[in-house]
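Keep in mind that what you see is a predicted model, and the values were worked out from it rather than measured.
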Amino acid sequence: MPVEVIATVKGPSSIVLNVNSAVREAGNFVTVSGQIKNDGAEAYVETAAWRGDERTASAASVAGATLVDKQGKKRYYVLRDTEGRCSCTIGITRIGPGESIPFFAQFPAPPTSANEVDFTIPTFATATIKISG
């Protein structure tokens, strides 16, 4: 069964970000998930920028991701646990040629009236996505 892609944006080099879902979950948070794919012929290792300003326990992560509710004029950052680790994919240090790496990031949920948001990971273009659920 093919996986739905709700947004595709380009990143640096031959890196492509496919967003598969943005789901409003019980507990008042949103989980965004998808794949980061290397369409190039060489390994991609410049992943440090994806963590944003993260300097704690979540190195090599997508902790720099944000959701923006343009209607409510509010930016949401990736959730953290009590030790400062992101509620997101960690350990992305290399993506081989032709390889796809799954990712997820969890955010505080915007108001239910905000069913369309902008999703960004540093170095990628912004994707406008719909929140389901």
Side-chain angles (χ1 to χ4, degrees):
M1 182 169 131
V3 176
E4 182 181 11
V5 175
I6 62 172
T8 298
V9 292
K10 296 205 178 296
S13 300
S14 297
I15 300 297
V16 177
L17 174 75
N18 289 315
V19 179
N20 300 123
S21 65
V23 179
R24 191 178 298 273
E25 314 248 10
N28 205 27
F29 63 93
V30 170
T31 301
V32 177
S33 59
Q35 304 278 321
I36 301 173
K37 185 170 196 274
N38 180 354
D39 281 338
E42 296 183 16
Y44 184 78
V45 296
E46 302 295 323
T47 64
W50 299 346
R51 72 179 184 213
D53 292 334
E54 184 73 31
R55 298 286 183 259
T56 59
S58 302
S61 69
V62 294
T66 60
L67 282 184
V68 175
D69 169 10
K70 290 187 290 191
Q71 220 177 338
K73 297 181 171 68
K74 190 165 182 185
R75 179 180 312 268
Y76 296 87
Y77 295 94
V78 174
L79 292 169
R80 303 287 196 263
D81 68 12
T82 55
E83 295 176 6
R85 290 183 296 247
C86 73
S87 183
C88 68
T89 300
I90 60 170
I92 303 174
T93 57
R94 178 186 188 280
I95 304 175
E99 185 178 13
S100 279
I101 303 282
F103 80 89
F104 81 94
Q106 294 181 318
F107 302 88
T112 53
S113 60
N115 59 359
E116 193 171 89
V117 293
D118 284 348
F119 173 74
T120 305
I121 293 177
T123 75
F124 287 93
T126 298
T128 300
I129 57 175
K130 288 194 182 308
I131 298 174
S132 60

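- Listed here is the closest heavy atom pair of E116 and K130: OE2-NZ, 2.8 Å.
- Screening residues 38-48 for salt bridge (charged side-chain N to carboxylate O under 4.0 Å, His left out), with sequence neighbours left out, gives K37-D39.
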Hey, can you pull the donor-acceptor pairs under 3.5 Å for the side chains in residues 5-19, sequence neighbours left out?
{"unit_1": "T8", "atom_1": "OG1", "unit_2": "N18", "atom_2": "OD1", "d": "2.7"}

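- Minimum heavy-atom separation, A22 to I129: CB-CD1, 3.7 Å.
- Follow the hydrophobic side-chain contacts under 4.5 Å out from L79 and you never reach V30; the two are in separate clusters.
- A114 and R24 make their closest contact through O-NH2, 3.2 Å (heavy atoms, listed as atom of the first residue, atom of the second, distance).
- The closest side-chain heavy-atom distance from T89 to I36 is not below 4.5 Å.
- Panel note: side chain N20, backbone E4; a donor-acceptor pair is recorded below 3.5 Å.
- V32 and I101 fall within a single hydrophobic cluster, where Ile, Leu, Val, Met, Phe, Trp and Tyr side chains are chained together by heavy-atom contacts under 4.5 Å.
- Hydrophobic clustering of Ile, Leu, Val, Met, Phe, Trp and Tyr side chains at less than 4.5 Å, counting indirect connections, keeps F119 apart from Y77.
- Nearest heavy-atom pair, I90 versus C86, reported as atom, atom and distance to 0.1 Å: CG2-SG, 3.8 Å.
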Enumerate, atom names and distances included, each donor-acceptor pair closer than 3.5 Å involving a side-chain atom of residues 63-76, sequence neighbours excluded.
{"unit_1": "D69", "atom_1": "OD1", "unit_2": "Q71", "atom_2": "N", "d": "3.2"}
{"unit_1": "D69", "atom_1": "OD1", "unit_2": "G72", "atom_2": "N", "d": "2.9"}
{"unit_1": "D69", "atom_1": "OD2", "unit_2": "G72", "atom_2": "N", "d": "3.4"}

Please determine whether side-chain contact (heavy atoms from CB on, under 4.5 Å) holds for the pair V78 and F107, giving the CA-CA distance in whole Å, both sets of side-chain angles, and the decisive distance to 0.1 Å. CA-CA 5 Å; V78 174; F107 302 88; 3.7 Å; yes
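- By the 4.5 Å heavy-atom criterion applied to side chains, V45 and T93 are not counted as neighbours.
- Between D81 and S87 the shortest side-chain heavy-atom distance does not fall below 4.5 Å.
- The side-chain heavy atoms of Q106 and T31, taken from C-beta on, include a pair separated by under 4.5 Å.
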